[in-house]
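Notes follow the structure.
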Amino acid sequence: MKSYYDRPLLKGPHWGSNVVTYLFLGGIMGGLGLISLLSDDRPEPAMKKLRKTTRYTAFALAAINPPILISHLGRPERFLNMLRIVKFKSPMSLGVWGLVLYSGAAGANALRELADDGVVPKILRHLAPNATVPIQALLGAFMAGYTGVLISATAIPLWAAGKRHIPAFSVCSGAASASALATLLSTLQGNHEVLPRLERLEMAASALEIAAIADFRKRGGLATAPLFEGRIGKRLRNYTILGGIVVPFALNAIGGAVKLPKSIDALRSIAASTLTLIGGYVLRESLIEAGKLSANDPQVAFRQPS
Amino acid sequence: MATGFFTDATLCIGCKACEVACKQWNELPSDGYEFTGNSYDNTSQLSGTTWRHVDFIERESVDESGVTASWSMLSDVCKHCTNAGCLEACPTGAIVRNEFGSVFVQPDVCNGCGYCVVSCPFGVIDLIEAVGHGDDAAKYGLATLHDDRLNERKTAVQATGGVAGKCTLCFDRQRVGMVPACAKACPTESIQFGEIEELRERAKARVETLQQRGVEAQLYGADDVGGGIGPLNAFFLLTDSPEAYNLPVEPVLPSTRQAMGYAAAAAAALTLATIGWAIFRGDA
Ligand code: SF4
Ligand code: SF4
């Protein structure tokens, strides 16, 4: 096998924990958009409470994501450079516009709740038409998915090999993390009635996620080695696959099957959702870190995945 | 009129005049001094601050007359792709195609996001995150002349959080009718600069002549390289396989994967929304 002194052919990503956090929160914002839609316009007080929680949280996350991106870019003005143009060919450009529009929709929906609660004048309710709820959900689906497209539409062999899988499991992981966050907040608020539904949604999302990750490993070929082997592979196995999917799934299944005393059940929910959130973060982190290793291997980069 | 480079490995003598001329003209800082042990190549790679890099390949062949060693050198550079991954990826529009058909990074628009870096199928463009090695330069007596300028740049780059850097095909020189610095400095015309169509014809004639003489020569990038990238505005004549020069055999334009990615994401989102609807609203 020929190479040039085994020197890397490609340049790896210069992305650290701030970009990982940006991608992770983007996924959660996406999932919260869905939960906000699912709990919309329901008479039950518990659902109402859940709806408010997801809307306030989504807006809070939308507000902190730009500063996180700016911490990566270096200076606040640099964020504005992205708003010079809309570029359909660039997932990074579309993603920033997705974030801006999502913030608008999430802001409108948060405002609607604030007006209902009487925190702000009722008249402001009219600034948020009913359509902003499904719009936030649609933009949310985009937010959770584009991060996967963003990394797989690059030259990094590991990411390129996952052009179908990475976007798919990014969406699932975002939905699972969002359900986990909503579960966590609802448990802390004592809003127990919504937990069974949230936990079932989380189980469905995690099941799809683990299936997509397993299929990626099976079909991705040589290029997937940096993600599934070595130190990163071990971390992914422990924190995402086991700790972030299998264990919370089991805990949620137990919660659905047997009636536990209230305090123990609350502990179970808190443990399951915290583990899911950690697993979601580690998944994004492993993808970025394994991307750096993947760029260093010239042999997989000589013939790039189609 | 599109212009470009034709770089011919059979004419390169490995003098690195192109590397030096490029660094000087573009006022690029030293990258420090690293002894690699890889033949005479201590530059190693193209980077944000190295826009020409000379590959040194040492080959041995054994036959009845004994062992013969042969060299192949090639000056690598940004390919100024017809469909450029870096340009498509850039979210700010900092990377543009200029009037000479070259791919150009506008440093004042670039925000240092680094997306172009992972989107180049040839591993060319990189972020200049820290300009430094001023002390190194002084230690080895290199580039001390430009120390003031170096410090200026160092402050600018650090204050901005990095910008992307790569070959400009000497945009500034071309605008005033000058030949790019590397082509001007090359003593053997291994680097030829000119109008693309004319260079291609010259390259095809050259490779034919060489093949007639029994040299194993091939062109890289004069025609479509595949993967959606198209022909390269900076193309090469090689005497070994592309991998030997750290060039990809099958490069792919990253954006060609987007449609599939969005479709997969949409399918996952739709599935989850349906399941979610059944869980939350199935009873309503
Ligand atoms: S070789 Fe890389 S940096 Fe140069 S134009 Fe092509 S994609 Fe851009
Ligand atoms: S680093 Fe600069 S040139 Fe590269 S993609 Fe980002 S904004 Fe564009």
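So you know, we letter chains A, B, ... as the sequences are listed, proteins then strands, and number each from 1.
By the 4.5 Å heavy-atom criterion applied to side chains, A:Met1 and B:Glu243 are not counted as neighbours. Under the 4.5 Å side-chain criterion, counting only non-hydrogen atoms from C-beta, A:Lys2 is in contact with B:Asp240.
Heavy atoms closer than 4.5 Å to chain A are found nowhere in B:Leu253, neither backbone nor side chain. Contact annotation for A:Pro8: only backbone heavy atoms (N, CA, C, O) come within less than 4.5 Å of a heavy atom of chain B. Proximity to chain B (any heavy atom under 4.5 Å) is shown, for A:Leu80, by neither the backbone nor the side chain. Neither the backbone nor the side chain of A:Leu138 has a heavy atom closer than 4.5 Å to any heavy atom of chain B. In this structure, chain A has a heavy atom under 4.5 Å from the backbone of B:Asp108, while its side chain stays farther away. Only the side chain of B:Asp126 has a heavy atom closer than 4.5 Å to any heavy atom of chain A. Neither the backbone nor the side chain of B:Leu270 has a heavy atom closer than 4.5 Å to any heavy atom of chain A.
In this structure, the side chain of B:Tyr115 engages the main chain of A:Leu150 through a donor-acceptor pair within 3.5 Å. Counting only distance, with no hydrogens or angles, the side chain of A:Lys87 and the backbone of B:Cys90 share a donor-acceptor pair below 3.5 Å. Here the side chain of A:Gln304 pairs a donor or acceptor atom with the backbone of B:Val252 at under 3.5 angstrom. Distance alone, capped at 3.5 Å, is enough to place a donor-acceptor pair between the A:Arg84 side chain and the B:Thr92 backbone.
Of the options A:Arg42, A:Met47, A:Arg200, a side-chain contact (heavy atoms from CB on, under 4.5 Å) to B:Phe280 is made by A:Met47 and by none of the others.
For B:Cys120 against A:Ala155, the heavy-atom pair with the smallest separation is O-CB, 3.6 Å. The minimum heavy-atom distance linking A:Pro91 with B:Gln258 is given by the pair CD-NE2, 3.3 Å. Shown here for A:Met92 and B:Ala89, the closest heavy-atom pair between the two residues is CB-O, 4.5 Å. Here the shortest heavy-atom pairing between A:Ala153 and B:Ser119 reads O-OG, 4.3 Å. Heavy atoms only, all atoms of each residue included: A:Thr154 and B:Val118 are closest at CB-O, 3.2 Å. Closest approach of B:Pro248 and A:Ala301 over heavy atoms only: CB-O, 3.9 Å.
Inspection of non-hydrogen atoms places A:Lys163, A:Arg164, A:Pro167, A:Ala168, A:Val171, A:Cys172 of residues 163-174 of chain A under 4.5 Å from chain B.
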Original post:
Step by step, would you call A:His72 with B:Asn111 a side-chain contact (heavy atoms from CB on, under 4.5 Å)?
Top reply: CA-CA 10 Å; A:His72 166 61; B:Asn111 71 0; over 6 Å; no
**OP:** Starting from the C-alpha separation in whole Å, work towards a yes-or-no answer on side-chain contact (heavy atoms from CB on, under 4.5 Å) for A:Lys89 and B:Ser255.
**Re:** CA-CA 7 Å; A:Lys89 270 275 172 72; B:Ser255 68; 4.0 Å; yes
Original post:
Does the side-chain contact (heavy atoms from CB on, under 4.5 Å) test come out yes or no for B:Asn246 and A:Phe302, once each step is laid out?
Top reply: CA-CA 8 Å; B:Asn246 220 0; A:Phe302 285 141; 3.7 Å; yes
**OP:** With side-chain contact (heavy atoms from CB on, under 4.5 Å) as the test, would you mind laying out the steps for B:Arg281 and A:Asp40 before giving the verdict?
**Re:** CA-CA 10 Å; B:Arg281 306 207 151 217; A:Asp40 189 45; 4.0 Å; yes
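Between chain A and the options B:Cys113, B:Ala268, B:Gly85, heavy-atom pairs under 4.5 Å are most frequent for B:Cys113. Taking chain B as the reference chain and counting heavy-atom pairs below 4.5 Å, the highest number among A:Met82, A:His14, A:Gln299 is found for A:His14. Note on A:Ser3, A:Gly145, A:Ser90: by heavy-atom pairs under 4.5 Å with chain B, the leading option is A:Ser90. When the candidates B:Ile275, B:Thr271, B:Val109 are compared by the number of heavy-atom contacts under 4.5 Å with chain A, B:Val109 comes out ahead. Per-residue heavy-atom pair counts under 4.5 Å with chain B were compared for A:Leu10, A:Leu208, A:Val149, and the maximum is reached by A:Val149. Among A:Leu201, A:Leu9, A:Ile156, the residue with the largest count of heavy-atom pairs under 4.5 Å with chain B is A:Leu9. Your options are B:Pro251, B:Ala265, B:Ala94, and the one with the most heavy-atom pairs under 4.5 Å with chain A is B:Ala265. Chosen from B:Gly227, B:Cys110, B:Gly228, the residue pairing most often with chain A at heavy-atom distances under 4.5 Å is B:Cys110. Of all the listed residues (B:Gly93, B:Pro242, B:Pro121, B:Ala269), the one sharing the greatest number of non-hydrogen pairs under 4.5 Å with chain A is B:Pro121. Of the listed residues (B:Ser47, B:Ala263, B:Ser39, B:Ala266), the one with the most heavy-atom contacts under 4.5 Å to chain A is B:Ser39. Ranked by heavy-atom pairs shorter than 4.5 Å toward chain B, the options A:Ser39, A:Ala205, A:Gly148, A:Ala160 are led by A:Ala160. For chain B, the option among A:Ser179, A:Ala137, A:Ala204, A:Ser306 with the highest count of heavy-atom pairs below 4.5 Å is A:Ser306.
Counting non-hydrogen atoms of neighbouring residues, nucleotides and ligands closer than 6.0 angstrom, the CG atom of A:Leu222 reaches no more than 12 such neighbours. Around atom CZ of A:Arg219, no more than 12 heavy atoms belonging to other residues, nucleotides or ligands sit under 6.0 Å away. More than 12 heavy atoms of other residues, nucleotides or ligands shown are found within 6.0 angstrom of NZ on A:Lys49.
Between the CZ atom of A:Arg7 and the CG atom of B:Asp55 there is a distance of 10.5 Å, given to the nearest 0.5 Å. To the nearest 0.5 Å, the span separating OH on A:Tyr146 from OH on B:Tyr262 amounts to 9.0 Å. A:Tyr5 OH to B:Ser44 OG: the interatomic distance, rounded to the nearest 0.5 Å, is 10.5 Å.
A perpendicular orientation is assigned to the rings of A:Tyr4 and B:His53, their planes being inclined by more than 60° (bins at 30° and 60°).
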